[in-house]
Amino acid sequence: GVHFDPAQPLTSLLAPPYDVIGDHEHRRLTSAHPHNIIHLTLGASVQRRSYASIGARLRRWLAEGVLTRDAEAAFYAYCHEWTRDGHRLKFWGFLGLLRLEPFGRRHIFPHEAVLPEPVQDRLRIMEHSRANLEPIMTLYRQPSDPMDLLYAGLEGLPPLLPAAFPGGARHRVWRLALVQTRTRIQRTLRRRKLFIADGHHRYHAAWMFRQRHRRLPGSQWILTLLANTEQPGLRIGPIHRVFRCAGTVTAGLLRSLERFGRIEQLGRRPAAALHPGRHTLGFYARGAGAWLLHLPPPLSDAPPRRGDD
């Protein structure tokens, strides 16, 4: 694996995934440190991205020792610790290589479609860097996970890469290089079904890269963070979307929605009465007021089937 030199100020080198960074955040991160990872994942400029410069910068950082390449193969355990609603939470997973395959053929399943522009953007970065600069995130479901014992044992060991942020968030990475440990991890997840939680465009880009460079070592694989859905520290928040339309809210529309759940009318001042539950959709029509659609709890928390959103 390739990672930052642990002696560097890691809090100044990390960045969120490339596709959630706006212009203001991009300027802040690029100025935070000349070695911030955003110089590789997005480049020095969002508007005029130089793919050749990204590849050259990666090679320069490796030559200068900014990035370190481990001599032996390894998995890397990862823990994200933070506070939510007054509760301290820990999210565990591990980083490794995942063999690429067509979606739904055997073990890997998507949950969303992709757009051609981001795929081409990620592909061009791979073409110039010959590297996976960001892992995708894949989830599996295992109510009694043998990995939990491994994670518990790591708590008392010093991490390879620690990073603590203001507000209490903490990220830690441990190298798992022992052959016995690597074999155990591979056996545990060998036939597990994996669902992509984040990284569909990167996966498509990696697949296209594989098709173009089949003889290139490493082209059959993609870097991924694998995590179990059955852990208290995994939190999936709602994505808020606003749809604007010229139509009117009719009684027929509301009746048709009742087959999905309970309708609650809030009136023209919804903010005062808004106390939605976990599975709630909101509707607002100018002049007609607002409604909530309370969905029933899911019958099963099993992973989605192929084709589900």
Side-chain angles (χ1 to χ4, degrees), residues 1-5 13-23 25-27 29-30 33-71 73-76 95-138 194 196-226:
V2 175
H3 53 79
F4 281 113
D5 181 349
L13 307 181
L14 304 182
Y18 78 98
D19 53 353
V20 300
I21 298 175
D23 291 344
E25 183 73 354
H26 182 269
R27 289 191 294 269
L29 291 168
T30 52
H33 198 283
H35 297 150
N36 189 286
I37 192 64
I38 200 172
H39 290 283
L40 297 181
T41 58
L42 280 177
S45 172
V46 175
Q47 285 74 25
R48 295 185 176 182
R49 187 167 302 144
S50 172
Y51 299 99
S53 296
I54 289 174
R57 184 176 294 111
L58 174 61
R59 291 185 288 274
R60 185 170 67 252
W61 287 7
L62 285 166
E64 295 173 352
V66 175
L67 294 173
T68 300
R69 189 189 304 273
D70 288 337
F75 290 114
Y76 295 83
L95 293 154
L97 293 179
L98 178 66
R99 184 183 291 274
L100 293 161
E101 64 179 53
F103 281 148
R105 174 173 292 182
R106 297 180 64 196
H107 303 115
I108 304 172
F109 299 85
H111 78 267
E112 67 181 27
V114 298
L115 300 172
E117 292 81 5
V119 171
Q120 287 298 321
D121 174 61
R122 296 297 100 184
L123 176 60
R124 293 183 68 181
I125 288 181
M126 292 189 70
E127 291 281 6
H128 286 83
S129 67
R130 292 294 197 265
N132 284 187
L133 299 176
E134 287 183 293
I136 66 170
M137 180 178 177
T138 51
L194 303 175
I196 296 181
D198 184 53
H200 290 78
H201 292 92
R202 280 164 280 174
Y203 191 97
H204 276 262
W207 179 259
M208 293 175 67
F209 184 86
R210 170 192 180 276
Q211 298 299 87
R212 294 182 181 184
H213 306 283
R214 289 180 177 270
R215 297 184 179 180
L216 187 69
S219 64
Q220 312 292 318
W221 306 86
I222 187 170
L223 179 64
T224 185
L225 173 70
L226 293 100

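Not one N or O on the side chain of R57 forms a donor-acceptor pair closer than 3.5 Å with the backbone of L40. At least one donor-acceptor pair closer than 3.5 Å links the side chain of H26 to the backbone N or O of G43. No donor-acceptor pair closer than 3.5 Å links the side chain of T138 to the backbone N or O of L194.
Annotation: side chain of L100 is not in contact with side chain of W221 (no heavy-atom distance under 4.5 Å). For the pair F4 and I37, the minimum side-chain heavy-atom distance is below 4.5 Å.
Listed here is the closest heavy atom pair of Y203 and E101: OH-O, 2.6 Å. Between F75 and G96, the shortest heavy-atom distance links the atoms CD2-CA, 3.8 Å. Pairing each heavy atom of A44 with each of T30, the nearest pair is O-CG2, 4.4 Å. Closest heavy-atom contact between S129 and L58: O-CD2, 3.6 Å.
Atom-to-atom distance recorded for F209:CZ and N132:CG is 8.5 Å, nearest 0.5 angstrom. The structure places CZ of R130 at 9.5 Å from OG of S219, a figure rounded to the nearest 0.5 Å. We find the CE-CD1 distance between M137 and I196 to be 12.0 Å, quoted to the nearest 0.5 Å. Note that the NE2 atom of H204 and the CD1 atom of I222 stand 10.5 Å from one another [nearest 0.5 Å]. Atom-to-atom distance recorded for L226:CG and L97:CG is 10.5 Å, nearest 0.5 angstrom. In this structure, CD1 on I136 lies 14.0 Å from CZ on R122, to the nearest 0.5 angstrom.
Scored by the side chain to side chain contact (heavy atoms under 4.5 Å, CB included) test, N36 finds A15, L29, I38, H39 as partners (sequence neighbours excluded). By the side chain to side chain contact (heavy atoms under 4.5 Å, CB included) test, P118 pairs with Y18, L115, H201, sequence neighbours left out. Checked against side-chain hydrogen bond (donor to acceptor under 3.5 Å, both in side chains), R106 has no partners two or more places apart in sequence or in another chain. Applying the side-chain hydrogen bond (donor to acceptor under 3.5 Å, both in side chains) criterion to D121, with sequence neighbours excluded, gives R49, Y51.
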Less than 3.5 Å apart, which donor and acceptor atoms pair up between the side chains of residues 59-67 and the rest of the protein, not counting sequence neighbours?
unit_1	atom_1	unit_2	atom_2	d
R59	NH1	G55	O	3.4
R59	NH1	H128	O	3.2

Working for side chain to side chain contact (heavy atoms under 4.5 Å, CB included), residues H111 and H200: CA-CA 8 Å; H111 78 267; H200 290 78; 3.2 Å; yes
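Sorted by first and then second residue, the salt bridge (Lys or Arg N to Asp or Glu O under 4.0 Å) pairs with a member in residues 205-226 read E127-R212; sequence neighbours excluded.
For the side-chain contact (heavy atoms from CB on, under 4.5 Å) criterion with L42, the lone passing option out of D19, L133, I21 is I21.
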